[in-house]
Visitor: 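This structure is in structure tokens; I'll ask about it shortly.
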2 protein chains.
Amino acid sequence: METLSTDVERLIKDTAKRIFFVEGKLHATTQDIADAAGINRASIHYYYRSRKILFDKVFEEAMAEFHAKLTVVVSQENLTFRKLVESVIDFLLKKSLEHPFLELFLVAELNQDPHLKHARLPEEARARRMMLKEYIAEEVAAGTMKPIEAEHFIVNLISLCSFPFLAKPIVKNAIELSEEGYVKFISERKAVIMKLIFLDL
Amino acid sequence: METLSTDVERLIKDTAKRIFFVEGKLHATTQDIADAAGINRASIHYYYRSRKILFDKVFEEAMAEFHAKLTVVVSQENLTFRKLVESVIDFLLKKSLEHPFLELFLVAELNQDPHLKHARLPEEARARRMMLKEYIAEEVAAGTMKPIEAEHFIVNLISLCSFPFLAKPIVKNAIELSEEGYVKFISERKAVIMKLIFLDL
DNA sequence: CTCGCGTTTAACAATTTTGTTCAACACAAA
DNA sequence: TTTGTGTTGAACAAAATTGTTAAACGCGAG
């Protein structure tokens, strides 16, 4: 049946994503994925001719997801800059909570195959960065932020949001947290980051 | 010869580290390592009985290296807090420049095998964190920092220093940098981070 | 019912990666 | 030179992973 087949196809891809992006098991085999999905490994070859095709698909969507993540950093209109940054942090943290190891996967793949096509940034991205620069200038003028290059601002934001998830096992160990302690720690991040960015918080 | 043998043994391990920590090729095989080292793959088995033993050795030393990294964050005496933070950032950035993908490797391994022994933190680490809290309190009193939990402070510092290296391929793409542009960007990080942490910079 | 069709499965085959063996080699010591 | 020891290389073997095939299965349409 058409819908069912699509279901399994989806199940396979979603399971692969879960293993890579959520569990961070970058060395997972097709068998691992089949087991986790509760299907026969041959089904993977039925829907995706080869391991590489499945992986490429997953990679491609991961790139798209990250790109979306990034786009949000400098999009959204009709908001005060403050509200915008807040919603960006919410978004980044939410995405990292869903897919803590997305960046891990992307970087591992990109390093393996350095000539993987880099998603070309749309022209509007550059325009948005200009807008971000203006926003920052306004805050600086108002004395609520220090001068900072937009590029550093963006990287700071992503670093502060993503790293604690991406490096969960070492962060947990480094500051001696239980699973609950880690969850609590994560829940405090937004306030910490906002406070770090804006002088008047 | 004793010294020569040790040399090759070292060469193998160092090459493995280079591939994992510097080039970030987490999926490298023993053949890849042998090729990169310019030796026969059997030599790897001669010095290290199996792939796993080599990998464990590399992993163990990576943990030690990260642990050293972390220890520095809250050690060093006879320095103003300001100077201490500065030297910590220098150290973290230097380490990340040498081994940009160290954390990537560690996290990938830890995720694969969740019961890998976590290096127990020495008792002094806790004492140092106490000291860090005091330092922060002093800066807060002086109006040169905002109140922040020591744990968040540590994670912020590591995030801001390590992430731009660890995620180099996506950062480069995200803010459209050439290799030279990336190097320049990295060289600006220290000032950016210091400015973010201390209110009076 | 049974036919058709998409899907699943188990078994098999090919490939890749890892591990082993043994003869050849280098070289220092006797 | 010869011997001994440690190292290397090529060939081989084993294991793990991926890819293929064909038969069986489920199920709706005719």
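Only heavy atoms go into these numbers, but all of them, side chains included; no hydrogens, no water, no symmetry mates. In the text below, chain A, chain B and the rest are named by the order of the sequence lines, each starting its count at 1.
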Visitor: Expected output is a numbered-order residue list: members of residues 30-39 of chain B with a heavy atom under 4.0 Å from any atom of DNA chain C. What is it?
Guide: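 Listed by number, they are T30(B).
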
Visitor: Nearest of dG19(C), dA10(C), dG6(D) to any side-chain atom of N40(A)?
Guide: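 Of the options given, the side chain of N40(A) lies nearest dA10(C).
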
Visitor: Pairs under 3.5 angstrom only: tabulate donor-acceptor contacts from the side chains of residues 14-22 of chain A to other protein residues two or more places apart or in another chain.
Guide:
unit_1	atom_1	unit_2	atom_2	d
T15(A)	OG1	L11(A)	O	2.6
K17(A)	NZ	E61(A)	OE1	2.5
R18(A)	NE	E23(A)	OE2	3.4

Visitor: The side chain of A42(B) is closest to which nucleotide in this list: dT20(C), dT20(D), dT8(D)?
Guide: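 For A42(B), the side-chain atoms sit closest to dT20(C).
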
Visitor: For DNA chain C, what residues of residues 12-25 of chain B have any heavy atom nearer than 4.0 Å?
Guide: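 DNA chain C contact set from residues 12-25 of chain B: none.
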
Visitor: Hey, can you pull the donor-acceptor pairs under 3.5 Å for the side chains in residues 91-98 of chain A, sequence neighbours left out?
Guide:
unit_1	atom_1	unit_2	atom_2	d
S96(A)	OG	L92(A)	O	3.3

Visitor: Measure the distance from CZ on R51(B) to C1' on dT20(C) and round it to the nearest whole Å.
Guide: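 Atom CZ in R51(B) sits about 17 Å away from atom C1' in dT20(C).
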
Visitor: Students often mix this up, so state it plainly: with edges at 30° and 60°, are the rings of F81(B) and F198(B) parallel, tilted or perpendicular?
Guide: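 The rings of F81(B) and F198(B) stand perpendicular, inter-plane angle above 60°.
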
Visitor: Sequence neighbours excluded, which residues qualify as ring-ring contact (aromatic ring centres under 6.0 Å, His included) partners of Y182(B)?
Guide: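 Expected list: none.
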
Visitor: For nucleotides 24-26 of chain D, list the nitrogen or oxygen atoms of the protein found under 3.5 Å from its nitrogen or oxygen atoms, one pair per line.
Guide:
none

Visitor: For the pair made of NE2 in H45(A) and P in dG19(D), what is the distance, rounded to whole Å?
Guide: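 Rounding to the nearest Å, NE2 of H45(A) and P of dG19(D) are 4 Å apart.
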
Visitor: Once you round it to whole Å, what is the distance between C1' of dT9(C) and OH of Y47(A)?
Guide: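 Taking atom C1' of dT9(C) as the reference, OH of Y47(A) is at 13 Å.
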
Visitor: From CZ of R41(B) over to C1' of dC12(D), roughly how many Å is that when rounded to an integer?
Guide: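 Distance check: R41(B) CZ to dC12(D) C1' gives 11 Å.
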
